Amino acid sequence: MITNKILFMEEKTKYNPSEFESRMLALWEKEKVYSTNPQSSISNNKAYCLSMFPYPSGAGLHVGHVRIYTGTDVMARYFKMSGKDVLHPMGWDAFGLPAENAAIKAKKNPIDMVPGNIANFKKQMNMLGLSYDWNKEFSTTDPSYYKWTQWLFIQFFKTGLLYKKNTPIHFCPKCKTGLAEEEVLANGTHERCGTVIEKKILPQWIFRITAYAEQLLSDLKLLDWPKGILEMQRNWIGKKEGVIIKHTVKDLNIPIETFSAYPAWLFADTFIVIAPEHPLIKELVKGTKHEKDTNEFIEESRKISSQDRTADKFEKKGVFTGRYAQDPFNPGREMPIWLANFALMDFGTGIIRCSAHDVRDFEFAIKYKIQLEEVVKRTDPKLPINAHDNTGILVHSGPFTGKAINEVLIQDMKNWIVEQKIGRKETTYHLRDWIFSRQRYWGEPIPMVHCDSCEKKGNNSNILIIHGTWGSGEGNWFPWLRTYMNAAGVDTASPTLPDADHAKYDVRNQFLNNNFGEYLKSSSIIIGHSSGAGTALHLASQHKIDQLVLVAPVLKINEEYKKSLAKSFDQKTADALYDLYNDHPIDWELIKKNVRKITVVYGENDQYMPKDMRVFAEKVFEKENVHMLKGKAHFSSSSNDAKEQFELLQFIENKMVGGWTMIEENNLPLKLPYTSSYEPTDTGESPLSTIEGFKETICPVCGGAATRETDTMPNWAGSCWYFIRFAQSVIPAEAGIQAKTMREEWMAKMAHVPPVDWYLGGAEHAVLHLLYARFWVKALKDASLIDYPEPFLRLRNVGMVLAEDHRKMSKSWGNTINPDDVVAQYGADTLRMYEMFMAPFNMEIAWSTAALQGGHRFLKRVWALYMSRESIVDSRESDPELVNKLNKTIQKVGEDISQTKFNTAIAALMEFLNAYEANPKLSTEEAKKFIQIIAPFAPFMTEKIWRDIFHEKTSIHLSHWPVQTKVSVKNTVVKLPIQIQGKFRGVLILPTDALDEKQVEVAVLKDEVLSKYVSGKQYKLIYVKGKICNFVIQ
RNA sequence: GUCGGGGUGGCGAAAUUGGUAGACGCGCUACCUUGAGGAGGUAGUUCCCGUAAGGGAUUGGAGGUUCAAGUCCUCUCCCCGACACCA
């Protein structure tokens, strides 16, 4: 009998995770413990915790994945127990080169390979006890997901943010695809495969991320991100403020411009160099004796790869063009123009003014014996003073001679340059536009069609802007919009109307029809601003056009409004406008027939518009086409609205640019065709071009034969907005309201979900995914598709997990650790505990199987303690000191988790366990609390104890984070550290009511050890009451 | 070269505001226990001198501020990461 009982106890006492972990998983699934509250994503008490989602490789989870996912899981569990509405989803970033290359190797279609990999990842994630709500799961390769990625592509196309153009790109000869700037490493190799990149000119979809350079830079201040990542983004955007200097080439009268970020040194420049790729060179040397040398030099430079350029031994070389330019800073000085291989075509203007003060220029001048001048005294004539130091007293510097170089002086010089008309101020960025085409199979097909006949017929969209009263075609945001649209390949015009202040209907109408009658066609967009709307409306009644966009429009003028117009302008102007609207009435019905889409935009702070104008707009047009923009006024310089009106872009719908148009919305998704031959081609075209029946299609505009785009999107596309899809609310759409259009569906499900609160992942995405996603969010915000400026409010980086030998884990080294093996041997809780404990979350760590035992031991000790019933459940009395310590531990663990300081949280748990074991006196209620605060780290074991020992019916993971019990611990004594001469000499134990300086002094003098340092000596006391006391011997 | 992050025992690391440096864990040492296991317990463990009591040194190095510095300031060395002929 006795033996049996002992056996039973042993069985019960032994910590055997494999015996219960899988049962806990089943229990959680049955009880739907991790299902998300549908309100979570829109609750103002939400905590959106997200790990960077993985690309599901065939290799399965790495222990590095485990570290990120456990960290996020611990936070999600803690926030949930703290009463927050937690969103903690997981999905798959399965498009892209790695998956495709693996599939090619395995001779399978990636479509067939991905599901197996996902299943394996998912199995492993479940095994680890990660609290994902799998109802939120999706893969970027699901047509139901990439349908939206394609739809977003179309939205960006329509507004000119994405356009197709022949452009020199980085091309990976191994992967046979074009790449983005961010995918090329400093040594000129592809970040995925290490192959040296080539330059090629190919037609590419270009995403205008540079339009957002300034916002991407300035909004960094909104983010709680690691300093290093912020700095890397800042550097990558690379804003530089400087000046452009204008020159004229002697004898040729060709203007050339140079950029300088250091204006203080401009008076020293004596020669000019041009990048060998510069197109101007041919003109400079044409027909001269320098032509041959120059061509040879250009040819030679072309052969040097970017890899060689960055090498240490890169030799500065150049060749003289035989030409000179006048130096605007030193009248009479002629600057020889050279080609130089250190000049970069893609920085500044590709042309540089050079001086004795720049290291490279100096070296070059010495080599080719070019004359130098200096504007600050050099101590050693053989060495340059680096211009980037910006220090010294100027000489030979015109009006600035004798002045010290500082910020103020530099500003003065810039202003002087502008005043003298020598040049202008200029801001440049390192950021380049994002090449968005990949000549590969495994990506989202680009939902675009090219129609040759449309292109020839001139069916491209163009834009005519009509300005308002007392305005001009060069006012407000018109030049900005024109530059922006022209860059995307859209023709624009913004004529200044004759006598616009007082012009009546006839004058306006005649002028526009004479000059722009032929410009307007069925694919045209007319934009009318303010009272220009009247003219625009009349035009639209005379021409069939695609779109009419009315910005802050005047739509009618009654007597009262006429009076106010006369007051703010003059009577003649008011009369002219009255004529435009009333003497020549607007035919609303005809306009509606002539125009495919009419859009009206007002700013909510527009003080020039009578209140009923918008009401009227909603009456004559469809209500859904009348928009009110928050924080905007009259969209004019007079109301101080910014000139760059990105928000207006959303209302402009270019239908066709360069013969390209989008496929119709109800044909989305454009599915990736299934094929057996998807290897990259050698033609620079995507493999989709070889698939029969894919490329040929019908033009949505003219109905004739057309061809599809066959390139695909880069693997970063899907991850630019996946967090929005995860957070998608299910409320209106799935409650029975059927959205008519994709925009309606988006607005209902995705427009109102908030950004990610906690984003955890590796630092390797600093300028790739993290920059791209920020860019999309800004573009989406300007398109009114979401309403926040940044996707990831807090970012925390995870440190890499190295192998035990401190090298990277790699199959070829044979030093990998498989999480499956660790879980099989020690249980998932041990693996989680160890990875959270061994180092601060963001630090690199080397795996240590020995240290893993530490976490295991902790769990075993907790287990053993709670399994010995008499010490836990049967004890009624709590020791106040221990409860006090427990309170502090509850507090610390919570605080540490919310600061991603998991290692110290666990240290605190261990510290408490030490105290608890030494003196196991806690009531049942208090004993439960300790288990609860371990729960985020070790979800399996704590659930088991919660149910078996405490007989709880609902999951510990749904329980509330414990509150601290008030205990009165009478601290009757205080340990007071004593220093003598600043050196620690011992601790005095003093009653709490005897802590006055005098009492401390007496106690020290009485103390056998301490007294010998001070007795009989002159000393001064520095006493921080109750904290420390220092005796300073005089 | 520029920018960012670091440097604390044999190892991974702690340290609110400047206030007992080394919490917690690993490892190690001695002893105990056992079902002989990758087990458990107790005590010890920054280094040097000392049987001990005790003393001295100590947060990469040098200086400084302070009653008091891992923490603040100046200079300097080393490691890691990112960017780089950027005018």
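Heavy atoms only: backbone and side chains are in, while hydrogens, waters and symmetry mates are out. Per chain, numbering begins at 1; letters A, B, ... match sequence-line order. As the structure is a computational prediction, the values presented were derived from the model and not from experiment.
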Trainee: What protein N or O atoms touch nucleotides 9-14 of chain B N or O atoms at under 3.5 angstrom, if any, and at what distances?
Mentor:
{"from": "B:G12", "atom 1": "O2'", "to": "A:M838", "atom 2": "O", "distance (Å)": "2.4"}
{"from": "B:A14", "atom 1": "OP1", "to": "A:N903", "atom 2": "ND2", "distance (Å)": "3.2"}

Trainee: Please list, chain by chain and in numerical order, all residues satisfying side-chain contact (heavy atoms from CB on, under 4.5 Å) with A:N903, sequence neighbours excluded.
Mentor: A:P840, A:K901

Trainee: Under 4.0 Å from OP1 or OP2 of B:U20: is there any side-chain N or O of A:K975 that close?
Mentor: no

Trainee: Check nucleotides 73-76 of chain B for protein N or O atoms closer than 3.5 Å to its own N or O atoms and list the pairs.
Mentor:
none

Trainee: Considering every strand shown, what is the Watson-Crick or G-U wobble mate of B:A23 when both distances are under 3.5 Å?
Mentor: none

Trainee: What interatomic distance, in whole Å, is found between C1' of B:U17 and the corresponding atom of B:A69?
Mentor: 14 Å

Trainee: Within the structure, does a side-chain N or O atom of A:Y1023 lie under 4.0 Å from either OP1 or OP2 of B:A68?
Mentor: no

Trainee: Once side-chain contact (heavy atoms from CB on, under 4.5 Å) is applied, do any residues pair with A:K414, and if so which ones, sequence neighbours excluded?
Mentor: A:E241, A:V243, A:P263, A:I410, A:Q411, A:K425

Trainee: Measure from the side-chain heavy atoms of A:R360 and tell me the nearest of B:G25, B:C83, B:C86.
Mentor: B:C86

Trainee: Would you mind telling me which of B:A84, B:G19, B:C26 lies closest to the side-chain atoms of A:R857?
Mentor: B:C26

Trainee: Would a line drawn from the ring center of A:W847 to the ring center of A:Y834 be shorter than 6.0 Å?
Mentor: yes

Trainee: Under 4.0 Å, counting only non-hydrogen atoms across every strand here, what does A:Y826 touch: a base, just sugar-phosphate, or nothing?
Mentor: base

Trainee: Is any side-chain N or O of A:K983 closer than 4.0 Å to OP1 or OP2 of B:A68?
Mentor: no

Trainee: A:M232 has a side chain; which of B:U20, B:A82, B:G4 sits nearest to it?
Mentor: B:A82

Trainee: Going by the rule side-chain contact (heavy atoms from CB on, under 4.5 Å), which residues pair with A:H278 if we only count those two or more places apart in sequence or in a different chain?
Mentor: A:I274, A:L280, A:I281, A:M345, A:I351

Trainee: Students often mix this up, so state it plainly: with edges at 30° and 60°, are the rings of A:W863 and A:Y15 parallel, tilted or perpendicular?
Mentor: tilted

Trainee: Can you name the residues that form a salt bridge (Lys or Arg N to Asp or Glu O under 4.0 Å) with A:E214, not counting sequence neighbours?
Mentor: A:K239

Trainee: Mark yes or no for a side-chain to base donor-acceptor pair under 3.5 Å between A:Q979 and B:G19, with no hydrogen or angle criteria applied.
Mentor: yes

